[in-house]
Amino acid sequence: MKLPKRYKPKEAEPRWQKAWEEAGIYRFDRFPDRPIYSIDTPPPTVSGAIHIGHVFSYVQAEVIARFWRMRGMNVYYPFGFDDNGLPSERLVEKEKGVKATDVGREAFVRMCLELTQRYEDEFKVFWRSLGLSVDWDENYSTIDPTSQRISQRSFLDLFEKGRVYRKEAPTLWCPECHTAIAQAEVEDAEHGSVFYDVAFRLDGKDLIISTTRPELLPACVAMFAHPSDERYKGIIGKKATVPLFDHEVPILLDEKADPEKGTGLVMCCTFGDTTDIAWWQEHGLDTRIVFDETGRMNELAPGYEGLGLKEARGRMVEDLKSGGLLKGEEPISHTVNVHERCGTEIEFSVASQWFIRVLDIKDEIIEAGGKVDWYPNYMEIRFRNWVENLKWDWCVSRQRYYGVPFPLWSCKACGEVVLATDEMLPVDPTVTSPPVDSCPKCGAFDLEPERDIMDTWMTSSCTPFLNIRWREPDSKLERFKKADAEKGSEFLMDLRPQAHDIIRTWAYYTIVKGVLNEGKIPWRTAMISGHGLHPDRAKISKSKGPISHAPSEIIEEQSADATRYWACSNRLGTDTIVAEEGFDAGKRLVVKLWNASKFAIMRLEDYDPDAPRELALIDRWLLARFANAAGRATRSFEECEYHGAVEVVEPFFWHCLCDNYIEIAKKRLYGDEGYDEASRRGAQYALYQSLLGVLKMLAPVVPHVTEEIHSLYFAEREGVESIHVSSWPEPPAEWTDAVALEAGDLALAVIEGMRKVKSTHKVSVATPVGTLRVACDDDTWTKIEPFTSELRDVSNAQSVVHVTEAGDEFVETDVAAIRVAAELIVE
RNA sequence: GGGCGAAUAGCUCAGCUGGUUAGAGCACCUGCCUUACAAGCAGGGGGUCACAGGUUCGAGUCCUGUUUCGCCCA
């Protein structure tokens, strides 16, 4: 078999993707007897186009999947889509130009299903074009009936375990999305604002407070000063009058009032921020909620009813001014809490919401997280810090349409909750009748369906359960579950790959569900990737300019293998910038693999592993170098460090195998005179083994070109269908050869010196040499001497001799003790 | 304000538990058509490893502090 002159990724990559799929190479249970390695793949949120950051983290995880498959595991590698909830709703609202509230629940849900389906089809095409070794038969969508059933089942289980409660509680509220949100969905933003100095009245005198939220004056329920603040000592416990609204509020002490800020007096409203809530709870203050769920002022703000918060602020500032109650204003920039999905400033509200109690089991959750192997290790600290700092139970209700419904009804008379039975799941209580006719507690007939839907994380946190088909008739739980010898506990799955920004959400919630629902840890290993930085965050490139294309265009232009190589070009967990030059290295490697294999396969045409062979010292050197590289690459992959592996294998391939070994062994491989057949067979053996090993170890990163080469020569000889289900290299012990390793490295130093001479004299590497003189001590020469014929071959020298004294014409080499002089024969 | 990370060649990044002269790719310079590869090969220039201290026989690596940047949180 002779390899074509050039490798064409544009033709080969789609061809292999199709072939793999048809042959079911990546199918789960293709080798049912092998131990299972299960992956809790991140289901991408269907909220818009895929970006290059997705490529980055998915490839990194996928490379690890390929590694374990070659290590002989029965890899369970599913793919899901997260298409329920707010992100998808917002996508639909944006694309269709509608508001959920306007079109109604049923029509809106239909639009969501249609649009997300279209996106998912596009996504699948894209991920296939990247060569992901996913089993596409194993997939789910978080809105499909099974996912809804498992998600509702998880809720019911928590309910029965006493973990669920409904409470009128201060809630983070997004006035734009009209829904309660979780702490995890809040992020900071720097907003411009104004600090207003407002006069309250006490005993006929002004009391000045500073606030950025004058529209919350009607919601004011107290004033606070710091206990050490002498200025207000005399007035503590008295009641001040709120301007414009004339209700009275107590003046109290609390450590959290900052004496340095403004006048040292601060107003407490229900609710402006989390400090207000803390005060409200600790001091048992009144509740005055002044706006409704659409963000409009209500009857508690007489004169401002119906106004939005912003308008109300403007009007109140005007009124304060005209009433002489505004004593100063100062523009400031401060950080505010915004909803991460829409960027709107968060408000606080009191509403009836469903919660999962978690604050009492923080320690258990931290302990469970501690049993997971986090790569990189420091990511566990982020997880722990997040859990330690939790201040709220998990608010799981959302006042939206498109998502998983709560499987329950409430008695209108007494509030008793009626749960759906497991046989009813998935259930939408707004269309299905409850399992009982009347309230089991009070007997009333008016059972009201829960209209809220669950937070998307309620379902996303079930991904291990979706994969395992938790408490379904075809549950895989028993097959997947495994214990760790050291850590004891049972784990549901092996690997959770995800990016670092959602440790506090996805990883955290999944661990919560694992612990509460099943009493297990969801996975043994968490592999946390960084982000690909989009060009607008990178510096402006002078040369070519930044990449501004969609990922599919990048793959089209750069090839899937080069894109994958790029995604593996730095350490796990770190972010990297996307620049066009970043893809060159991968493209070069693909070409080099092809060319080197083309040569090797030509020389290996008559390779016979059973023919008598004799390994030269340089062959042993190559195999020793290979064994060394393979050991290190394997360890790296085991720790999810794909880059560490590439960094070891590629130099071995390029430098040891191509630049040196092949050059040195060429004449033997050609069967030139002076070499016997056994010696040629020895070289063939070393070449065959190391090239096949290199292809295998690079196969996870560049699966297409390695498969192409493998299929054209190795597949038949090795008796395997695909390199991707072939076995991972395990060099035999005898390849580890310290003597050959050291001696070979010394010989390479001589070659380096010889090349330096030729380069300095600006002649071709093929230029003949008369005598090649090696200056070194006797001991070193003893080690180099066995390579005399190789040195002669690669230098094109007539003879190689040892001297003890180096003259001026000798050049230095990498090894300080060795100097080299070469007598060039130039016509 | 707290936590985590980063700062190494012009650019993008490696550098494991401290150990010869700090590496790679791109870019740059000088050459070479060598029976796999010019999409290549050989050679070369370029770094006070952010700054200041400390521990050590020895520090890019460990400790303390400072500065700048990123992420997460308050």
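Chain letters run A, B, ... following the sequence lines, proteins first and then strands; every chain starts at 1.
The gap from the P atom of B/rG10 to that of B/rU48 amounts to 8 Å, rounded to the nearest Å. Taking the P atom of each, B/rU61 and B/rG19 are spaced 11 Å apart, rounded to whole Å. Between B/rA22 and B/rU34, the two C1' atoms lie 33 Å apart (nearest whole Å). Here the separation of B/rA27 from B/rC57, taken at their P atoms, is 46 Å to the nearest Å. On the C1' atoms, B/rA42 is 15 Å away from B/rC37, given to the nearest whole Å. Comparing B/rG58 with B/rC41, their C1' atoms sit 39 Å apart, to the nearest whole Å. When the C1' atom is compared between B/rG25 and B/rA36, the two are found 22 Å apart, to the nearest whole Å. B/rA7 and B/rC51 are spaced 13 Å apart, taking the P atom of each and rounding to whole Å.
Between A/F653 atom CZ and B/rC41 atom C1' the separation is 14 Å, expressed in whole Å. A/K667 places its NZ atom 12 Å from the P atom of B/rA36, with the value rounded to the nearest Å. Here B/rU34 presents its P atom at 19 Å from NZ of A/K762, a figure rounded to the nearest Å. The CG atom of A/L746 sits 14 Å away from the C1' atom of B/rU20 (whole-angstrom rounding). Here the C1' atom of nucleotide B/rU17 and the CZ atom of A/R635 are 13 Å apart, to the nearest Å. Summarising the geometry, the separation between CG on A/N570 and P on B/rG25 is reported as 17 Å, rounded to the nearest angstrom. Protein atom CG of A/L572 is 13 Å distant from nucleotide atom P of B/rA6, rounded to whole Å. Atoms OH (A/Y688) and P (B/rA36) sit 21 Å apart, rounded to a whole Å.
With distances taken from any side-chain atom of A/Y670 to the nucleotides B/rG40, B/rA42, B/rU35, the minimum falls on B/rU35. If you check B/rC4, B/rC41, B/rC73 against the side chain of A/R504, the one that comes closest is B/rC73. With B/rC41, B/rC37, B/rG5 as the candidates, the nucleotide lying closest to the side chain of A/Y378 is B/rG5. The nucleotide whose nearest atom lies closest to any side-chain atom of A/N385 is, among B/rG25, B/rG3, B/rC37, B/rG3. Looking at the side chain of A/W654, the nearest of the listed nucleotides B/rG44, B/rC41, B/rA42 is B/rC41. When each of B/rA39, B/rG3, B/rC41 is scored by its nearest atom to the side-chain atoms of A/I381, the top-ranked nucleotide is B/rG3. Which of B/rU30, B/rU34, B/rG44 sits closest to the side chain of A/K756 comes down to B/rG44. Here the nucleotide nearest the side chain of A/R6, chosen from B/rG3, B/rA39, B/rG25, is B/rA39. The side chain of A/F599 approaches B/rA36 more closely than any other nucleotide in the set B/rC4, B/rC26, B/rA36. Of all nucleotides listed (B/rC73, B/rC37, B/rG43), B/rG43 comes nearest to the side chain of A/E752.
One finds no side-chain N or O of A/R603 lying less than 4.0 angstrom from the OP1 or OP2 phosphate oxygen of B/rU35. Checking the phosphate oxygens (OP1, OP2) of B/rG3, no side-chain nitrogen or oxygen of A/R384 falls inside 4.0 Å.
Among the protein residues, A/A600 comes within range of no part of the nucleic acid, since none of its heavy atoms lies under 4.0 Å from any strand. Using a 4.0 Å heavy-atom cutoff across all strands shown, A/K666 reaches at least one base atom of the nucleic acid. Using a 4.0 Å heavy-atom cutoff across all strands shown, A/R382 reaches at least one base atom of the nucleic acid. At a threshold of 4.0 angstrom between heavy atoms, the contacts of A/D814 include nucleobase atoms, whether or not backbone atoms are also involved. Residue contacts for A/S597: at a heavy-atom cut-off of 4.0 Å it reaches no nucleic acid atom on any strand shown.
Remark: side-chain polar atoms of A/R625 are not paired, donor with acceptor, to backbone N or O of A/F652 under 3.5 angstrom. Side-chain N or O atoms of A/K758 include one that pairs as donor or acceptor with a backbone N or O of A/T767 at under 3.5 Å.
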Worksheet entry | Candidate pair A/Y688 and A/F714, rule ring pair (Phe, Tyr, Trp, His ring centres under 6.0 Å), full reasoning | CA-CA 9 Å; A/Y688 182 99; A/F714 292 100; 5.0 Å; yes
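Each salt bridge (Lys or Arg N to Asp or Glu O under 4.0 Å) pair with one or both residues in residues 810-820 of chain A, not counting sequence neighbours, appears once here: A/E812-A/R819.
Where A/S569 and A/L657 each meet RNA chain B at their nearest nucleotide, the meeting point lying more 5' is that of A/S569. When each of A/S764 and A/M379 is assigned the nucleotide of RNA chain B with its nearest heavy atom, A/M379 is the one assigned upstream, toward the 5' end.
Between A/F271 and A/F348, the distance separating the two ring centers is not shorter than 6.0 angstrom.
Between A/K362 and A/E388 no salt bridge is recorded (no basic side-chain N to carboxylate O distance below 4.0 Å). The pair A/R6-A/E11 does not meet the salt-bridge criterion, since no charged nitrogen lies less than 4.0 angstrom from a carboxylate oxygen.
In the interface, the side chain of A/K592 is paired with the base of B/rC37 through a donor and an acceptor atom under 3.5 Å apart. Side-chain atoms of A/E663 and base atoms of B/rA36 include a donor and an acceptor less than 3.5 Å apart.
Legend: residues meeting side chain to side chain contact (heavy atoms under 4.5 Å, CB included) with A/A686, ordered by chain and number and at least two apart, are A/D619, A/L622, A/L623, A/Y661.
Base pairing in RNA chain B yields stems of at least 3 consecutive Watson-Crick or G-U pairs, both distances under 3.5 Å, namely B:1-7 with B:67-73, B:10-13 with B:23-26, B:28-32 with B:40-44, B:50-54 with B:62-66.
A donor and an acceptor atom, one from each side chain of A/Q60 and A/Y642, are located under 3.5 Å apart.
A cation-pi arrangement, defined by a distance under 6.0 Å to the six-membered ring centre and an angle within 45 degrees of its axis, is present between A/K666 and A/F599.
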